[in-house]
Amino acid sequence: MSLLNRARIPITQTSAFLRFSAGQQQVRHLNLHEYQSKMLMDKYGVNTQKWRVISNASEAQKAAKELNAKELVIKAQVHAGGRGKGTFIETGFKGGVQLCTTPQEAERLSAEMLGKHLVTKQTTKDGTLVQKVMIAESVDPSRELYFAILMDRASGGPVLVASPKGGVDIEAVAEETPELIFKEPIDIMKGVQPEQTLRLAKKLGFTGDKVAVAQKQMENLYELFIKSDATQVEVNPFAETTNGEIYAMDAKINFDDNASFRQKQIFDMRDVAEEDPREVAASKFGLNYIGMDGNIGCLVNGAGLAMATMDIIKLHKGTPANFLDVGGGATADQVREAFKIITTDPQVKAILVNIFGGIMKCDIIAQGVVSACQQIGLKIPLVVRLAGTNVEIGQKILKDSGFNIITAVDLDDAAIKAVAAMNK
Ligand code: ADP
Ligand code: MG
């Protein structure tokens, strides 16, 4: 079982294609809301409908009037896709994407969505709180298509993906009619070539002078992808309207976290409200954290050791509450913060520290653990297994701390003791 499968983060939030690409790695990708993505698209000349975003239903009428459109579409802004077919938990109201014609209706529909939790195929069963709603001019699509650009491991670069079967779940299309998905791998040094967008435009069924318009939209999306260090730009539906215009009706863009240093404007748009607060806290201190559903908090160094620790906990009938990797060169401060994140999680009933000291020395870990206990107290059982560099000094620090720390000799012993301590 892969690490991502165990994680509580909804991996379905990324498309099926992404699982073959960079998304498989243990990296976090910045997620933007549709309205934020559309702001970027506007900047790169990608065609979007006019829109406004509101966070209070009382602002809906004004926004609707400004748009001055015959028909409006009201869209819940959450990071997950599949909103159109979603349901609001509190009310049972169906559909996070709604059409209407009057400002009054726009207000009523916004009120149905704001402050409620929307459950879609891509959220957890608890859904996501809707804090913003987009009001956009409605367009009348004659055809709903699919277009995406992904960083693809198989071809070692970006790949354009297009399908005439858009508007629906692309995962389902890939499964049922894979022949309707077309790909064009891009040589990142040369960039996207006109013959590539021409082939895709034709496969998407554009004819006449629409072919060139569609090609230009694909080029603009590619420029956005490259210039903003995206790992995924997914437009579904990519639509042709009854009056012959081409629109990006929905947008989902993910970015490479490693590029955050040069994409400040984009990363400043991060909405942490939808992220696991423990992951947000961890990333602030340069720690790798993934929350899970169990109750044994794990503090380890190295992804491999983390995986092994989780497996052994499971073997001994426990369930890990998280994956917290302090990495190779953590400081005592980082260890303390890591420890705080674990202990402030109410579902954690026991803590297992499993450190193999190489570059990371055992005494540093021990200092961090003790200093965290001093700051926040130790209310649940703590099992520590240290091995490697400075192990004796580390063990002495733990012993002299006065806290009731259970030590373990190896991984098996540690897991058994953690599970037992929790069940006492
Ligand atoms: P999601 O993918 O989260 O369900 P979309 O933005 O794709 O959200 O919207 C779902 C469906 O709603 C679209 O496939 C399209 O049929 C319709 N829709 C979305 N935006 C508009 C719009 N501006 N005008 C008309 N219909 C729209
Ligand atoms: Mg969509």
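For the single chain, residues carry numbers from 1 onward in sequence order. When a ligand or atom number is given, it counts from 1 through the structure's own listing order. Being a predicted model, the structure only gives us computed values, none of them experimental.
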Exercise. Would you kindly say whether Thr319 and Asp293 are connected by a side-chain donor-acceptor distance under 3.5 Å?
Key: no
Practice problem: Check ligand 1 against Gly82 and write out every atom of the ligand that is under 4.0 Å from a heavy-atom position of the residue. | Solution: 1 (P), 2 (O), 3 (O), 4 (O)
Exercise. Taking all non-hydrogen atoms of both residues into account, name the closest pair between Pro158 and Met151 and its distance.
Key: N-SD, 3.7 Å
Exercise. Mind listing the closest non-hydrogen atom pair of Ser110 and Ile135 along with its distance?
Key: OG-CD1, 4.1 Å
Exercise. Between Met249, Arg83, Lys121, Lys85, flag the one that comes closest to atom 8 (O) of ligand 1 by a heavy atom.
Key: Arg83
Quiz item: For ligand 1, which atoms, with element, lie under 4.0 Å from some heavy atom of Pro237?
Solution: 7 (O), 13 (C), 14 (O)
Quiz item: Considering Asp250, Val78, Val139, which one's heavy-atom position lies nearest to atom 2 (O) of ligand 1?
Solution: Asp250
Practice problem: Under 4.0 Å from a heavy atom of Glu137: give me the atoms of ligand 1 that qualify, with their elements. | Solution: 23 (N)
Exercise. Return the residue, atom name and 0.1 Å-rounded distance of the protein heavy atom closest to atom 4 (O) of ligand 1.
Key: Gly84 N, 2.9 Å
Quiz item: Under 3.5 Å, is there a donor-acceptor pair linking the side chains of Gln217 and Tyr247?
Solution: no
Practice problem: Under 4.0 Å from a heavy atom of Gly81: give me the atoms of ligand 1 that qualify, with their elements. | Solution: 3 (O)
Exercise. Heavy-atom contacts with Lys75 under 4.0 Å: which atoms of ligand 1 show up? List them by number with element.
Key: 6 (O), 19 (C), 20 (N)
Quiz item: Distance only, no hydrogens: is a donor on one side chain within 3.5 Å (strictly under) of an acceptor on the other, for Gln263 and Asp229?
Solution: yes
Quiz item: Do you see a donor-acceptor pair shorter than 3.5 Å between the side chains of His33 and Asp271?
Solution: yes
Quiz item: When you measure from atom 23 (N) of ligand 1 to every protein heavy atom, which one gives the shortest distance, and what is it?
Solution: Gln49 NE2, 2.4 Å
Practice problem: Could you please spell out the steps behind the side chain to side chain donor-acceptor pair (under 3.5 Å) verdict for Asn31 and Lys252? | Solution: CA-CA 8 Å; Asn31 246 313; Lys252 176 141 184 49; 2.7 Å; yes
Quiz item: For atom 14 (O) of ligand 1, what is the nearest protein heavy atom, given as residue, atom name and distance?
Solution: Glu144 OE1, 3.0 Å
Quiz item: At the Mg ion (ligand 2), what angle lies between atom OD2 of Asp250 and atom O of Asn236, rounded to 10 degrees?
Solution: 90°
Quiz prompt | Ligand-residue contact atoms, ligand 1 with Gly167, heavy atoms, under 4.0 Å | solution = 14 (O)
Practice problem: May I ask you to say whether Asp169 pairs ionically with Lys121, meaning some side-chain N is under 4.0 Å from a carboxylate O? | Solution: yes
Exercise. Around atom 10 (C) of ligand 1, find the nearest protein heavy atom and jot down its residue, atom name and distance.
Key: Val97 CG2, 4.1 Å
Practice problem: State whether Glu59 and Lys62 are salt-bridged, where the test is any N-O pair (Lys NZ or Arg NE/NH1/NH2 against Asp/Glu carboxylate O) under 4.0 Å. | Solution: no
Quiz item: Where do Thr231 and Asp256 land on the side chain to side chain donor-acceptor pair (under 3.5 Å) test, with the steps shown first?
Solution: CA-CA 6 Å; Thr231 53; Asp256 183 352; over 6 Å; no
Quiz item: Which atoms of ligand 1 sit under 4.0 Å from any heavy atom of Asn236?
Solution: 7 (O)
Exercise. For ligand 1, note which part of Thr120 has a heavy atom under 4.0 Å away: side chain, backbone, both or neither.
Key: neither
Quiz item: Atoms of ligand 1 less than 4.0 Å from Ser138 heavy atoms?
Solution: 23 (N), 24 (N), 25 (C)
